[in-house]
There are 2 protein chains.
Amino acid sequence: MTTASYTIGWLARAGGVGVETIRYYQRRGLIETPSRQGPAGSGGVRRYDEKDVRRLRFIRSAQAAGFTLEQIGELIELDAGKDRARARELAKERIAALDEKIADLDRARSVLKKLARDCASQAGNPCPILAAFEGPGSRPR
Amino acid sequence: MTTASYTIGWLARAGGVGVETIRYYQRRGLIETPSRQGPAGSGGVRRYDEKDVRRLRFIRSAQAAGFTLEQIGELIELDAGKDRARARELAKERIAALDEKIADLDRARSVLKKLARDCASQAGNPCPILAAFEGPGSRPR
DNA sequence: ATAGGTTCCGTACCATGGTACGGAGTCAAG
DNA sequence: CTTGACTCCGTACCATGGTACGGAACCTAT
């Protein structure tokens with residue numbers, strides 16, 4: 001039984017975020033707020049466990065996948081639920097968005113690669129930043 | 001001589017943004033604010049040209065490449081300038097960031113792909129959202 | 001020449017995802 | 001049993017990138 005328990009500070013470090021960020025996620029309802037543990041009468045401190053660490057890591061990964069915190073909240077509810085169709089829908093939507101985004105970034109990357117090359121030569125050809133991006137017009141956000 | 005001129009509304013449409021966004025970019029110093037053109041005595045309206053359209057499109061592409069508006073401002077200054085080293089540096093930094101980001105998104109994509117597959121079956125195996133993201137821990141932003 | 005659509009401009013407000021502050025309470029080591 | 005670090009909580013503030021509002025001026029077509 002390794003039922004180690006963490007303080008909020010340890011949880012934060014385990015997830016690579018700040019304490020304030022944990023509290024923020026709690027306010028957003030993404031992480032539960034355990035009850036205070038301590039001798040009766042004194043307030044005590046809230047204690048977290050592995051489950052919370054996993055939850056936190058999930059949040060960070062899902063963010064990296066481009067989900068908003070609101071969507072992440074929905075995913076968390078879905079995880080414990082039965083609505084597979086909705087889960088699938090969210091996943092597919094995100095995949096489509098990722099495909100677009102990845103294509104955009106790939107395009108941007110090659111533009112930059114060429115730009116860096118052109119700007120390498122001490123003199124000679126110019127290094128025209130604005131012109132470099134002409135043509136492949138992708139929209140941001 | 002096709003020196004067509006645009007009103008701000010046309011410029012906005014040409015760039016696929018709203019009028020307010022143009023004004024915002026002007027406030028940020030990313031797009032110039034031409035002087036009002038009109039019969040002496042009357043205010044007249046500001047008129048834009050192809051150069052502005054190109055500038056605007058550049059801004060959108062550079063945003064898609066992950067540059068912040070502040071960096072885009074720097075790029076614009078650099079474009080008309082001589083500091084090739086700095087231009088190169090910005091490009092290379094961004095390429096590195098893009099490489100990381102693209103890798104993250106690729107990872108996220110395959111996680112989601114698998115998740116969508118698992119959540120497809122009507123019954124049988126579960127569709128464990130949180131668990132799906134375990135392992136490849138990438139940080140957001 | 002008048003109506004309706006634009007433009008101009010300042011200022012306010014918005015969403016997202018945090019980060020900081022500050023006072024009071026709690027905990028752990030020496 | 002004190003001292004220093006950490007926690008708790010409410011509230012305020014921040015950066016980024018816009019979006020909205022509203023009145024006055026302006027421009028264009030009828």
- Query: If each of Gln37(B) and Thr68(B) is mapped to the nucleotide of DNA chain D with the nearest heavy atom, which maps nearer the 5' terminus, i.e. the 5' end?
  - Reply: Thr68(B)
- Whole-Å distance between dG18(D) C1' and Leu30(B) CG? 13 Å
- Query: Rounded to the nearest 0.5 Å, how far apart are CZ of Arg94(B) and CG of Asp99(B)?
  - Reply: 10.5 Å
- Tyr6(A) OH to dT7(D) C1', in whole Å, measures 18 Å
- Item | Rounded interatomic separation in angstrom, taking CD from Gln71(A) and P from dT16(C) | 10 Å
- Among dC6(D), dC8(D), dG17(D), which is the nearest nucleotide to the side chain of Arg28(B)? dG17(D)
- Note on the structure: By nearest-nucleotide position on DNA chain C, the 5'-leaning member of Val45(A) and Tyr25(A) is Tyr25(A)
- Query: Is there a residue in residues 13-21 of chain A whose heavy atoms reach under 4.0 Å of DNA chain C, and which residues are they?
  - Reply: Glu20(A), Thr21(A)
- Query: Counting any heavy atom closer than 4.0 Å, what does Arg36(B) reach on the DNA or RNA strands: base, sugar-phosphate only, or nothing?
  - Reply: sugar-phosphate
- When you measure from the side chain of Arg23(A), which nucleotide among dC8(C), dG17(C), dC9(D) comes out closest? dC9(D)
- Note on the structure: Picking from dG18(C), dT7(D), dG18(D), the nucleotide nearest the side-chain atoms of Arg60(B) would be dG18(D)
- Note on the structure: Taken to the nearest whole Å, CG/Leu69(B) to C1'/dG18(D) is 9 Å
- Tell me which nucleotide among dT16(C), dT7(C), dT16(D) gets nearest to the side chain of Thr7(B). dT7(C)
- Query: Taking atom P of dT6(C) as reference, at what distance in whole Å does atom OH of Tyr48(B) sit?
  - Reply: 16 Å
- Message: So, OP1 or OP2 of dC9(C): does either fall under 4.0 Å of a side-chain N or O from Gln26(B)?
- Response: no
- Item | side chain to side chain contact (heavy atoms under 4.5 Å, CB included) partner of Ile8(A), the single match among Glu20(A), Arg13(A), Arg23(A) | Arg23(A)
- Item | Side-chain touch Ile59(B)/Leu69(B), heavy atoms, less than 4.5 angstrom | yes
- Query: Toward the 5' end of DNA chain D, which comes first, Arg27(A) or Arg46(A), by nearest nucleotide?
  - Reply: Arg46(A)
- Task: For the residue pair Leu56(A) and Tyr25(A), establish whether any side-chain heavy-atom pair is separated by less than 4.5 Å.
- Result: yes
- Message: For the CG atom of Asp52(B) and the CD atom of Glu50(B), what is their distance to the nearest 0.5 Å?
- Response: 9.0 Å
- Task: Round to the nearest Å and state the distance from Ile22(A) atom CD1 to dA20(C) atom C1'.
- Result: 16 Å
- Residue pairs passing the ring-ring contact (aromatic ring centres under 6.0 Å, His included) test where at least one lies in residues 67-101 of chain A, sequence neighbours excluded: none
- With sequence neighbours left out, write down each residue that passes side chain to side chain donor-acceptor pair (under 3.5 Å) with Gln26(A), or none if nothing qualifies. Tyr48(A)
- Arg47(A) CZ to dT26(C) P, in whole Å, measures 14 Å
- Item | Atom-pair distance (CG on Leu11(A); P on dC6(D)), nearest Å | 15 Å
